Amino acid sequence: MAQQTAVATGGGREIAPAKGKLGVMLVGLGAVSTTFIAGVENVRRGRAQPIGSLSQMATIRLGKRTEKRSPKIKDFIPLADLNDLVFAAWDPIPDDAYTAARKAGVLDPHEHLDPIKPFLQAIKPLPAVFDQYYVKRLQGTNIKKGKNKRDLAEQLRQDMRDFKKNEGLDRLVIVWCASTEVFLTPGPAHQSLAAFEKAMEQNDQSIAPSMLYAYAAIMENVPFANGAPNLTVDLPVMEKLAEERHVPIGGKDFKTGQTMMKSVLAPAFKARMLGLSGWYSTNILGNRDGEVLDDPESFKTKEESKLGLLEQILQPELYPELYGKVYHKVRINYYPPRGDNKEGWDNIDIFGWLGYPMQIKVDFLCRDSILAAPLVLDLALFFDLAGRAGLSGIQEWLSFYFKSPHTAPGLYAENDLFIQQTKFKNTLRWLMGEEQITHLGVEYYEYAEK
Ligand SMILES: NC(=O)c1ccc[n+]([C@@H]2O[C@H](COP(=O)([O-])OP(=O)(O)OC[C@H]3O[C@@H](n4cnc5c(N)ncnc54)[C@H](O)[C@@H]3O)[C@@H](O)[C@H]2O)c1
């Protein structure tokens, strides 16, 4: 089985085996986290399928097409087994995972929550590092107290050590599934470890709670993935610290519904050299995430994350006549009756031969957390893999999962979903010493020999 595969064959990287238990610590125990945890438990009990998870369902082609080698990813590379995952979470709201899942209203209680009720009730959130300044629409009572931000970060480190010790875990991984914080930009406090630590001691406002979790994780050598759009690990201080301490980091903002569709459609227009004059995206959603994003400062963080990708995919600097004047608008409207079942509408104005206009309408009636949960699972497993394979710092190969991929400074991000998928699968092949697949394919034809 995959678990016993200790070392890559054929000249890949050394990968430590996925032995023992993996602790998955989630920042936030809301809709996404509870849908993820309850989902994994249902899958473990054989009650449901892990649909949407590449780590559980996808195959990977190896070698030539004629070799017909397509193992499942989980049988190809040593990933932690679902039965070895143990969960913990922090949240300023004291609800246990069962209560939180009921309130989130994503999963059917009869079908997917009540049968695992004691398991979910046993997951009680640890007190969070939380400050309403950064998430205006939330109030919480389950909050840590400390003499300054550095002290709070130390308390988070202690939580990680305690969880590991008390549960007898081999490794930890953290995924940020908490609310979107207000829009922040990198400043002097984020440039070096000395500046960051001093700023924590002085309770500097430029240090958001998410940064304290990220700092604590890196200091404890725990991989950290950011599923929300806030500025967290994409900071010089975190990048340097993660490199030095050999810890994988990455983000940001799970690429789930509307943006996932955008990263499929925009590359198609560019591939066919069709022009784009406007893209109007609007959403209605009624979950707590929607309520938090109703605050203009949190929305601004999300907006930046959603807007960037179109320009990066279309490259208007290379194609000014096709993409030089795109009107791109993104709206999110909080509309309680819809709960987690978001509706994302897109009106896309494109133009073709001789400039004739056309329109495309996309109406995606999706379920936010149903789309996000398998991403949390994959990120937890692949960030853990990255740690065991000695891949430190930014994990751009996992950009497949993110709206605003974290890249090396100065490097533009690849946002096209299928380039990201190729990058992802080729990284797995590279890790295991398998040949890269370029899709050239001339070897199947006679002219290749001439
Ligand atoms: N569902 C999706 O498709 C999707 C896609 C991309 C990004 N996201 C992001 O994922 C995050 C989670 O989404 P959700 O629908 O579960 O939201 P949610 O509101 O249901 O859950 C978020 C939880 O985080 C908690 N929280 C806030 N600040 C915290 C802190 N400092 N420490 C610990 N916990 C904290 C809140 O109390 C809440 O329970 C949001 O930031 C959202 O924008 C979701």
Side-chain angles (χ1 to χ4, degrees), residues 25-38 52 88-97 99-107 125-144 149 152-153 155-156 159 174-182 207-214 216 225-230 232 251-261 283 285-295 298-299 301-306 332 334 339-342 344 364 366-376 379 401-404:
M25 300 193 84
L26 304 165
V27 192
L29 189 58
V32 171
S33 292
T34 55
T35 307
F36 158 63
I37 296 173
W90 293 272
D91 204 295
I93 298 170
D95 295 339
D96 62 53
T99 312
R102 288 297 299 254
K103 286 191 186 166
V106 179
L107 297 178
L126 296 158
V129 172
F130 178 78
D131 179 342
Q132 211 188 8
Y133 173 79
Y134 302 91
V135 185
K136 300 275 186 297
R137 298 283 158 95
L138 273 191
Q139 279 179 336
T141 51
N142 189 34
I143 293 173
K144 289 193 193 312
K149 292 187 178 182
L152 293 171
Q155 293 182 39
L156 292 172
D159 286 346
I174 295 184
V175 186
W176 175 277
C177 298
S179 313
T180 300
E181 296 174 329
V182 296
I207 310 287
S210 66
M211 297 173 197
L212 300 181
Y213 286 94
N226 180 14
N230 23 259
T232 300
K252 60 184 182 178
D253 207 5
F254 303 127
K255 181 152 85 172
T256 49
Q258 191 169 58
T259 312
M260 195 262 288
M261 296 303 291
N283 298 275
L285 88 158
N287 58 14
R288 195 191 291 140
D289 186 32
E291 193 178 354
V292 166
L293 294 172
D294 208 34
D295 169 57
S298 285
F299 174 68
T301 310
K302 193 60 125 181
E303 188 183 29
E304 291 284 320
S305 172
K306 281 178 166 270
I332 297 179
Y334 177 52
D340 201 67
N341 297 351
K342 181 164 84 178
F364 191 2
C366 66
R367 291 174 188 263
D368 244 12
S369 302
I370 293 295
L371 292 170
L375 274 54
V376 182
L379 287 168
Y401 292 101
F402 296 114
K403 276 195 201 59
S404 302

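The chain is numbered in sequence order, starting from 1. Remember, it's 1-based here, ligands and their atoms both numbered in the order they're listed. These numbers come from a predicted model, not from an experiment. All heavy atoms count here, side chains included; hydrogens, waters and symmetry mates do not.
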How does Thr256 reach ligand 1, if at all, at less than 4.0 Å between non-hydrogen atoms: by side chain, backbone, both, or neither?
side chain

In this structure, CD of Glu291 is separated from CG of Leu285 (nearest 0.5 Å) by 10.5 Å

Relative to the heavy atoms of Ala128, which atoms of ligand 1 are at a distance of less than 4.0 Å?
32 (N), 33 (C)

In terms of relative ring orientation, are Trp90 and Tyr213 parallel, tilted or perpendicular, with 30° and 60° separating the classes?
perpendicular

Nearest 0.5 Å, please: how far is CE in Met211 from NZ in Lys149?
8.5 Å

Spell out, as yes or no, whether a donor-acceptor pair under 3.5 Å connects the side chain of Asn142 to the backbone of Pro125.
yes

Return the closest protein heavy atom for atom 31 (N) of ligand 1 as residue, atom name and distance.
Val129 O, 2.8 Å

Show me which atoms of ligand 1 lie under 4.0 Å from any heavy atom of Trp90.
33 (C), 34 (N)

Is any N or O atom of Ala31, backbone or side chain, closer than 3.5 Å to an N or O atom of ligand 1?
yes

Look at atom CZ of Arg137 and say whether more than 12 heavy atoms of other residues, nucleotides or ligands are closer to it than 6.0 Å.
yes

Is there at least one pair of N or O atoms, one from Glu181 and one from ligand 1, spaced under 3.5 Å apart?
no

For ligand 1, is there an atom lying under 4.0 Å from some heavy atom of Leu138?
yes

Among non-hydrogen protein atoms, atom 38 (C) of ligand 1 lies closest to Arg288 NH1, 3.1 Å

If we number the atoms of ligand 1 from 1 as shown, the ones under 4.0 Å from a heavy atom of Asp253 are 6 (C), 7 (C)

If we set the cut-off at 4.0 Å for heavy atoms, which region of Glu291 has an atom near ligand 1: side chain, backbone, both, or neither?
neither

I'd like to check which ligand 1 atoms, numbered from 1 as shown, lie under 4.0 Å from a non-hydrogen atom of Ile93.
37 (O)

In this structure, atom 34 (N) of ligand 1 is nearest to the protein heavy atom Pro92 CD, 3.2 Å

So OG1 of Thr180 and NZ of Lys252: to nearest 0.5 Å the spacing works out to 10.5 Å

What residue and atom, counting heavy atoms only, is the protein's closest point to atom 21 (O) of ligand 1, and at what distance?
Gly30 CA, 3.3 Å

Numbering as shown, the atoms of ligand 1 that approach Ala372 to under 4.0 Å (heavy-atom distance):
1 (N), 2 (C), 3 (O)

Separation between CG of Leu126 and CD of Gln155, rounded to the nearest 0.5 Å
11.5 Å

Can you give me the closest heavy-atom contact between Gln139 and Gln132, atom names plus distance?
CG-NE2, 3.5 Å

Heavy-atom nearest neighbour in the protein, as seen from atom 25 (C) of ligand 1, with distance rounded to 0.1 Å:
Asp91 OD2, 3.2 Å

Residue pair Lys144 / Pro127: nearest heavy atoms and the distance that separates them:
NZ-O, 3.0 Å

With heavy atoms and a 4.0 Å threshold, my read on which part of Cys177 contacts ligand 1 is backbone

Does ligand 1 have a heavy atom under 4.0 Å from the side chain of Tyr213, from its backbone, from both, or from neither?
side chain

For ligand 1, note which part of Leu371 has a heavy atom under 4.0 Å away: side chain, backbone, both or neither.
neither

Might you point out which heavy atoms bring Leu26 and Phe36 nearest each other, and give the distance in Å?
CD1-CD2, 3.8 Å

Can you check whether Ile370's main-chain N or O pairs, donor with acceptor, with Thr35's side chain at less than 3.5 Å?
no

How long is the straight-line distance from OG1 of Thr34 back to CZ of Arg102, given to the nearest 0.5 Å?
12.0 Å

Among all protein heavy atoms, pick out the one at the shortest distance from atom 28 (N) of ligand 1; state its residue, atom name and that distance to 0.1 Å.
Phe130 CD1, 3.5 Å

Here the pair of heavy atoms bringing Ser33 nearest to Gly28 is OG-O, 2.7 Å

Identify the two heavy atoms, one from Ala38 and one from Leu107, that lie closest to each other, and give their separation to 0.1 Å.
CB-CD1, 3.7 Å

For atom 27 (C) of ligand 1, the closest protein heavy atom turns out to be Ser179 OG, 3.2 Å

Nearest to atom 17 (O) of ligand 1, what protein heavy atom do you find, and at what distance?
Asp289 CB, 3.7 Å

Is it true that Lys403 lies under 4.0 Å from ligand 1, counting heavy atoms only?
yes

Atoms in ligand 1 flagged as close to Val27, the criterion being non-hydrogen separation under 4.0 Å:
32 (N), 33 (C)

Of Ala178, Ala228, Ser298, Gly227, the one whose closest heavy atom lies nearest atom 11 (C) of ligand 1 is Ala178

Interfacing atoms of ligand 1 (cut-off 4.0 Å, heavy-atom, Val32)
1 (N), 13 (O), 14 (P), 15 (O), 16 (O)

Asp340 N/O to ligand 1 N/O under 3.5 Å
no

Return the CG to OG distance between Asn226 and Ser404, rounded to the nearest 0.5 Å.
9.5 Å

Check this for me - ligand 1, Asp368, N or O atoms closer than 3.5 angstrom, yes or no?
yes

Which atom names give the shortest non-hydrogen contact between Phe254 and Val175, and what distance separates them?
CZ-CG1, 4.0 Å

